[in-house]
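Hydrogens, waters and symmetry mates are skipped; everything else that's a heavy atom, side chains included, is used.
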Amino acid sequence: MAGLLPTIIILAVYYTLCDIILLYQIYYYRWKRHQRHRLGIRHHNDVPPTESSRLLGDEETAGAPSKWQRLLLNRALLYCLGFAFIFAMGFGSVIVKRRHPAPATPPDEVIEWKSQVLGYISAACYLGSRIPQIIKNARTKCAGLSLALFIFCLTGNITYVLSIVVADPSRRHIIANASWLAGSGLTLFLDFFVLYQFYHYRSEADQLDSDSESESLL
């Protein structure tokens, strides 16, 4: 793998941790919503406004940063922390490679059936992971979809495929890494389809908004 094995292992650990955090968030907020419904607690956003309601919330006082400013600041901070973590992983992989340098002459490409089976199982799971999202997008019109997630996925898959092909474009090397190429390469088409869904449903929503505005002016 062109000396990229430490980086690949670190990225696999990173992806696993991110998926664990996402699963935790899903079940935590489901449990929290269930507890709120069970206790009959209503969220403040669920209470309809009255004539005596304040136009601005208690947190939006004069001179204080608005909700959107705080949201933008939090997102910028999260992105900075994410990039810092990624660069830290890259720096750690460089240290590992220096302490354990690769041999001067790379070993011959070995096509071993156990790794191939695991590779194709990984590719099938990777491809199948996009299907539930595509179905959900069709039902919810891409509500709640993180566009940045799929843009980063597209960039990562493209560079990953290129790193394998550029390292050794020989036929044996491509065959040995065919499962990894299939997992990342074919997923690109599904990611592009998700992006198409996002812009398609957004254009529909914009068209509906413009039509409703035109009708209100008539």
Side-chain angles (χ1 to χ4, degrees), residues 1-26 78-79 81-97 100 102-103 106-138 142 144-201:
M1 297 295 293
L4 297 176
L5 186 59
T7 305
I8 293 173
I9 293 175
I10 294 175
L11 285 176
V13 174
Y14 168 73
Y15 289 148
T16 303
L17 291 176
C18 289
D19 291 338
I20 292 174
I21 293 174
L22 289 174
L23 288 174
Y24 167 77
Q25 288 179 319
I26 290 172
L78 287 175
Y79 278 118
L81 290 176
F83 279 115
F85 185 73
I86 292 173
F87 283 118
M89 287 195 307
F91 183 72
S93 65
V94 171
I95 294 177
V96 172
K97 287 168 62 177
H100 304 281
D108 295 334
E109 200 78 55
V110 177
I111 302 178
E112 199 264 332
W113 70 271
K114 293 180 182 180
S115 60
Q116 292 296 315
V117 170
L118 292 175
Y120 281 106
I121 292 176
S122 174
C125 293
Y126 201 43
L127 287 168
S129 66
R130 296 298 191 268
I131 304 301
Q133 184 65 56
I134 291 174
I135 296 175
K136 184 178 180 180
N137 291 342
C142 292
L145 177 67
S146 176
L147 182 61
L149 170 66
F150 285 92
I151 290 177
F152 282 119
C153 285
L154 277 170
T155 307
N157 286 326
I158 291 173
T159 53
Y160 184 73
V161 170
L162 290 177
S163 67
I164 295 176
V165 176
V166 171
D168 185 3
S170 64
R171 182 172 177 270
R172 185 173 182 82
H173 179 75
I174 299 299
I175 293 175
N177 296 279
S179 58
W180 318 113
L181 289 171
S184 295
L186 296 178
T187 305
L188 287 173
F189 294 99
L190 299 179
D191 288 340
F192 277 118
F193 187 77
V194 171
L195 292 179
Y196 163 76
Q197 286 182 311
F198 180 84
Y199 287 106
H200 172 70
Y201 291 125

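Sorted by first and then second residue, the salt bridge (Lys or Arg N to Asp or Glu O under 4.0 Å) pairs involving residues 113-124 (not counting sequence neighbours) form an empty list. Sorted by first and then second residue, the salt bridge (Lys or Arg N to Asp or Glu O under 4.0 Å) pairs with a member in residues 175-192 read R130-D191; sequence neighbours excluded. For residues 115-126, no residue pair satisfies the salt bridge (Lys or Arg N to Asp or Glu O under 4.0 Å) rule, not counting sequence neighbours. Legend: side-chain hydrogen bond (donor to acceptor under 3.5 Å, both in side chains) pairs involving residues 116-125, not counting sequence neighbours: none detected. The salt bridge (Lys or Arg N to Asp or Glu O under 4.0 Å) contacts involving residues 115-124 comprise nothing, where partners must be two or more places apart or lie in separate chains.
Partners of I121 according to the side chain to side chain contact (heavy atoms under 4.5 Å, CB included) rule, which considers only residues two or more places apart in sequence or in another chain, are V117, C125. When the side chain to side chain contact (heavy atoms under 4.5 Å, CB included) test is applied to I135, the partners found at least two apart in sequence or on another chain are I131, R139. Applying the side chain to side chain contact (heavy atoms under 4.5 Å, CB included) rule to Q133 yields the partners N137, L145, F150; only residues at least two apart in sequence or on another chain are considered. When the side chain to side chain contact (heavy atoms under 4.5 Å, CB included) test is applied to L127, the partners found at least two apart in sequence or on another chain are L186, T187, L190. By the side chain to side chain donor-acceptor pair (under 3.5 Å) test, Y126 pairs with N157, sequence neighbours left out. Not a single ring pair (Phe, Tyr, Trp, His ring centres under 6.0 Å) links F192 to another residue, sequence neighbours left out. Every residue two or more places apart in sequence or in another chain was checked for a ring pair (Phe, Tyr, Trp, His ring centres under 6.0 Å) with F189, and none qualifies.
Note that CG of L154 and OG1 of T159 are 10.5 Å apart. Values are rounded to the nearest 0.5 Å.
H173 places a side-chain N or O within 3.5 Å of a backbone atom of I164 that can act as its donor or acceptor partner. With hydrogens and angles ignored, the 3.5 Å screen pairs a side-chain donor or acceptor of Q197 with a backbone N or O of I134.
The nearest pair of heavy atoms linking S179 to A123 is O-CB, 3.5 Å. Contact record, P169 with V166: CD-O, 4.3 Å, taken as the closest heavy-atom pair. The minimum heavy-atom distance between Y201 and A138, with the atom names listed, is OH-CA, 3.5 Å.
In this structure, the side chains of L181 and V165 come closer than 4.5 Å at one or more pairs of heavy atoms.
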